[in-house]
2 protein chains.
Amino acid sequence: MTVAVKCPPRERIIDAARDLFRKHGIKGIGVDAIAEAADSNKMTLYRHFGSKDDLVFVCLKEAAAEADAFWEGIKAANPGDAKAQLRDWVRCAGEFVTVEHCNCELLDAAAQLVEIDHPARQFVEELRNLYRVRLVELCRAAGAADAELMVDALTLLVEGARTNWRSAGPGGAATRFVKVAEMIVDDFLA
Amino acid sequence: MTVAVKCPPRERIIDAARDLFRKHGIKGIGVDAIAEAADSNKMTLYRHFGSKDDLVFVCLKEAAAEADAFWEGIKAANPGDAKAQLRDWVRCAGEFVTVEHCNCELLDAAAQLVEIDHPARQFVEELRNLYRVRLVELCRAAGAADAELMVDALTLLVEGARTNWRSAGPGGAATRFVKVAEMIVDDFLA
DNA sequence: TGACAATGTTACCGATCCGTAACATTTATC
DNA sequence: GATAAATGTTACGGATCGGTAACATTGTCA
């Protein structure tokens, strides 16, 4: 017997979908498996989300909302201190790379959406731009000599960490992401 | 009428498969499409390669052989000069990220093989270890203070560049990979 | 030219997957 | 308890995909 209160099916389906999309990729998991993992069924899934593409879109939007909240949390936790916000960002990014349930599906999914004519593709590209602009502003506020290049470095590192974590796991280079990223930050702020 | 000399079907199939695996992912392309792109047919494909998994394996082995040749080329071009070899490696890695027909399918494919019980999975993991050991030795020979961490940084950067290139294209951070990586190298060798 | 190997063509099987239809069951609201 | 909405179950259709069988065609070499 399960003690946890059962959420409505829509939430359970979204949660299961985000988890499975992240683990197996968008094309790597079927709607039947998602519905079963959500302890629901395919019919209910299609009544809430008209298609698999729509479900993908909803998952991405929810992940984006969480990323927004996470960003606002960092800004609120270190009011006015850009350098502290930047270091906090690195630390949180490191957690998001290695911790199981994270928002990483955003960019991971984007890579799969490139070659496909997926309705969520434009949405992801706009998000990517937003995150970049935000981070550039933060680096500039922190006093970075070349904020654009600094964001390039951080972007490559965090995307690489995610890829490496997925393929190499805990024994790979991704576990040292924070160490490397902090070095880069110090380097650019020096 | 085509002027180019037609290779035997086996080579054409391998070339087409490597190209399409890289573009669409292993699960993203079917054997029919590969055979057609190779200007051949599915029957001939299955007579040369017993299964799609075998074809994947052969493609990975060929890409690994090319990576070996590329590595030996760097060592031969800068005999005895570890620092020059390292800078050459960065430059070549940058080309491999953005140039079309490259060996990048190795690690890209690895990420897809993780969750699948694929026969080539162990092969890819051994390759990853080999490349890491090689690069660590090179960094150590070049006088890196912390060769292990330096390889972590370079690994994350190059994997991130590949991911970013695939999803963001020429306008993304991947185009500045060489600039960032050279900075890292200088940083670790200082 | 004849014979044999390699390659191409067509059709098919079984499995999987997205999506839908029809009907049964549970849950909530009055 | 009655009614209606939400959810669950079963079955199916159409498409795709990995893989195979049978046969036709081309190329090669004696």
Side-chain angles (χ1 to χ4, degrees), chain A residues 1-60 109 112-113 115-121, chain B residues 1-2 4-60 105 109 112-113 115-121:
Chain A
M1 63 175 284
T2 163
V3 185
V5 178
K6 223 177 180 186
C7 305
R10 182 187 160 89
E11 296 180 35
R12 301 203 310 269
I13 290 173
I14 293 179
D15 287 346
R18 289 182 59 182
D19 186 47
L20 294 174
F21 283 152
R22 178 169 45 83
K23 282 183 185 164
H24 304 275
I26 292 178
K27 270 193 300 202
I29 199 73
V31 286
D32 298 84
I34 293 174
E36 190 183 0
D39 198 22
S40 182
N41 57 80
K42 196 161 57 168
M43 238 0 266
T44 307
L45 188 152
Y46 275 98
R47 276 191 279 250
H48 282 283
F49 317 92
S51 69
K52 186 183 181 183
D53 284 346
D54 286 359
L55 176 58
V56 170
F57 211 150
V58 171
C59 288
L60 287 172
Q112 303 169 348
L113 267 47
E115 293 287 339
I116 316 168
D117 195 15
H118 198 282
R121 188 181 156 180
Chain B
M1 63 178 282
T2 164
V5 178
K6 224 177 177 184
C7 305
R10 183 186 161 90
E11 296 179 35
R12 300 202 312 266
I13 290 173
I14 294 179
D15 287 346
R18 289 182 58 182
D19 186 48
L20 293 174
F21 283 152
R22 177 169 47 82
K23 281 183 185 163
H24 304 275
I26 292 178
K27 269 192 301 200
I29 199 73
V31 286
D32 298 84
I34 294 174
E36 190 183 0
D39 198 23
S40 181
N41 57 80
K42 196 162 58 169
M43 240 359 267
T44 306
L45 187 154
Y46 275 99
R47 276 191 279 250
H48 282 283
F49 316 93
S51 69
K52 186 184 181 182
D53 284 347
D54 286 359
L55 177 59
V56 170
F57 212 149
V58 171
C59 288
L60 287 173
E105 64 232 73
Q112 304 169 349
L113 267 47
E115 292 286 341
I116 318 170
D117 195 15
H118 198 283
R121 187 181 157 180

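Just so it is clear: chains get the letters A, B, ... in the order the sequence lines come, proteins before strands, and each one is counted from 1.
- By the salt bridge (Lys or Arg N to Asp or Glu O under 4.0 Å) test, A:Asp54 is found to be paired with no residue, residues two or more places apart in sequence or in another chain being considered.
- You'll find the side chain of B:Ile34 reaches within 4.5 Å of the side chain of B:Phe21, heavy atoms only.
- Computed from coordinates, the A:Glu36 CD to D:dT9 P distance equals 11 Å when rounded to whole Å.
- Here the closest non-hydrogen pair linking B:Gly28 and A:Lys27 is CA-NZ, 3.5 Å.
- The side chain to side chain contact (heavy atoms under 4.5 Å, CB included) test applied to B:Ala33 returns B:Ile29, not counting sequence neighbours.
- Evaluation of the side chain to side chain contact (heavy atoms under 4.5 Å, CB included) rule for B:Arg47 yields B:Met43, B:Thr44 as partners, not counting sequence neighbours.
- Closest non-hydrogen pair, A:Lys52 versus A:Ile26, comes out as NZ-O, 3.0 Å.
- Dashed line: the shortest gap from a side-chain N or O of A:Arg12 to OP1 or OP2 of D:dG8 is under 4.0 Å.
- One atom, CD of B:Glu11, and another, P of C:dA6, lie 16 Å apart when rounded to the nearest Å.
- Shown for residues 40-47 of chain A: residues whose heavy atoms fall under 4.0 angstrom of DNA chain D, namely A:Ser40, A:Asn41, A:Met43, A:Thr44, A:Arg47.
- The shortest distance between the side-chain N/O atoms of B:His48 and the OP1/OP2 oxygens of C:dT7 is below 4.0 Å.
- Counting to the nearest Å, the C1' atom of C:dC17 and the CD1 atom of A:Ile26 are 16 Å from each other.
- Atom CZ of B:Arg10 is separated from atom P of C:dA5 by 20 Å (rounded to the nearest Å).
- Straight-line distance from the CD1 atom of B:Ile29 to the C1' atom of D:dG18: 14 Å, rounded to whole Å.
- Mapping B:Pro9 and A:Gly50 onto DNA chain C by nearest heavy atom places B:Pro9 at the nucleotide closer to the 5' end.
- Following rounding to the nearest Å, A:Ile34 (CD1) and C:dC18 (P) show an atom-to-atom distance of 8 Å.
- Put simply, CG on B:Asp39 is 16 Å from C1' on C:dA6, counting in whole angstrom units.
- We find that CG of A:Asp32 is positioned 8 Å from C1' of C:dC18, with the value rounded to whole Å.
- For A:Glu11, the side chain to side chain contact (heavy atoms under 4.5 Å, CB included) criterion is met by A:Cys7, A:Pro8, not counting sequence neighbours.
- Within the helix from C:dT1-D:dA30 to C:dC30-D:dG1, the inter-axis angle between the opening and closing five-pair segments is 10°, rounded to 10°.
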Please evaluate residues A:Asp19 and A:Arg22 with respect to the criterion salt bridge (charged side-chain N to carboxylate O under 4.0 Å, His left out), reporting the C-alpha separation (whole Å), side-chain torsions for both, the decisive distance (0.1 Å), and the verdict. CA-CA 5 Å; A:Asp19 186 47; A:Arg22 178 169 45 83; 2.7 Å; yes
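- Listed by chain and number, the residues in a side chain to side chain contact (heavy atoms under 4.5 Å, CB included) with B:Ala120 are B:Phe57, B:Leu60, B:Leu113, B:His118 (sequence neighbours excluded).
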